[in-house]
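Please read the structure below before turning to the comments.
Computation of the quantities below employed the complete heavy-atom set of this structure, encompassing side-chain atoms and omitting hydrogens, waters and symmetry-equivalent molecules.
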Amino acid sequence: MSGYLTQLADLMGRPASTGFPVDWTTVEAQLSLGLPPDYKALVEHFGPGTYDAFVTVNVPGIAAKHYDLVEQVRSFGQEQESENSGFAPHVLQPAAGGLVLWGATVSGDLFFWEPRVPDPAAWPVLAWDVEDGDYFTFEGGTVEFLLRFFDGTLEPDLPMILPREGTAPMLFAPDPNALR
């Protein structure tokens, strides 16, 4: 397990993996693109669920279609294209080179990969604040973004990150209803 994934797992009170298996070859063929290796490790470690009751990461091959990676990439891009939404200058998958939706907050803010280079390991994260339409690009991977998001070291501080109240530990809550 990578350093960032180990730190995130510890932060979320989930140091042991759930062992969530995914047929990545099939998923990547369905999407017609590769996926970041740190995201794959994240999914295999945590499986479907919610991070600190605030962030959900889309996971392929689950029963809950509104959190299924393949379903969300396909349907969200087509839905936004038909509505001519405010994502300009960006386009969304399934359009070639479009942003790839991989997660969201309970507030409706969205997280994408920006596939500006062929290597998925080098794709930055784009965080979209739906309230004001602003976006922020994080020049790092999925797991590092989530770690920085939750440990308070993400720069610049995003408006979508609300200060935590109290001292309760952060938790990852698995979603048994989302399982295959």
With heavy-atom distances below 4.5 Å as the criterion, would you say the side chains of [X] and [Y] are in contact?
X: E144; Y: Q7; answer: no
X: L101; Y: F111; answer: no
X: L31; Y: L69; answer: yes
X: F136; Y: V125; answer: no
X: V43; Y: W24; answer: yes
X: P48; Y: F20; answer: yes
X: L5; Y: H45; answer: yes
X: P120; Y: L35; answer: no

Positive for side chain to side chain donor-acceptor pair (under 3.5 Å) with T142, one of W102, W113, W123: W113

Under 3.5 Å, is there a donor-acceptor pair between the side chain of [X] and the main chain of [Y]?
X: S107; Y: D109; value: no
X: E114; Y: T137; value: no
X: H66; Y: E71; value: no
X: T50; Y: A53; value: no
X: N58; Y: D68; value: no
X: D129; Y: Y135; value: no

Using side chain to side chain donor-acceptor pair (under 3.5 Å) as the criterion, list what pairs up with D151, not counting sequence neighbours. T153

Applying side chain to side chain donor-acceptor pair (under 3.5 Å), can you list everything that pairs with Q30, at least two apart in sequence or on another chain? none

Evaluate the side-chain contact (heavy atoms from CB on, under 4.5 Å) criterion for residues K40 and V22: first the C-alpha distance (whole Å), next the side-chain angles of each, then the deciding distance (0.1 Å), finally the verdict. CA-CA 8 Å; K40 294 177 187 179; V22 175; over 6 Å; no

Residue pair [X] / [Y]: nearest heavy atoms and the distance that separates them:
X: P174; Y: R14; answer: CG-NH1, 3.6 Å
X: V27; Y: P60; answer: CG2-CB, 3.6 Å
X: P115; Y: G98; answer: CG-O, 3.2 Å

Report the distance from atom [atom1] of [X] to atom [atom2] of [Y], rounding to the nearest 0.5 Å.
X: L171; Y: L11; atom1: CG; atom2: CG; value: 9.5 Å
X: L154; Y: L147; atom1: CG; atom2: CG; value: 10.0 Å
X: T105; Y: F54; atom1: OG1; atom2: CZ; value: 4.5 Å

Please verify the inter-ring angle class for W128 with F112; under 30° counts as parallel, over 60° as perpendicular, anything in between as tilted. perpendicular

Parallel, tilted or perpendicular: which fits the ring planes of Y51 and F150, with parallel below 30° and perpendicular above 60°? parallel

Does a side-chain N-to-carboxylate-O contact under 4.0 Å join R148 and E139? no

Can you name the ring-ring contact (aromatic ring centres under 6.0 Å, His included) partners of F138, sequence neighbours left out? F145

Trace of the side-chain contact (heavy atoms from CB on, under 4.5 Å) decision for L42 with D38: CA-CA 6 Å; L42 176 78; D38 70 325; over 6 Å; no

Stepwise side-chain contact (heavy atoms from CB on, under 4.5 Å) check, Y4 with L146: CA-CA 9 Å; Y4 292 130; L146 288 171; over 6 Å; no

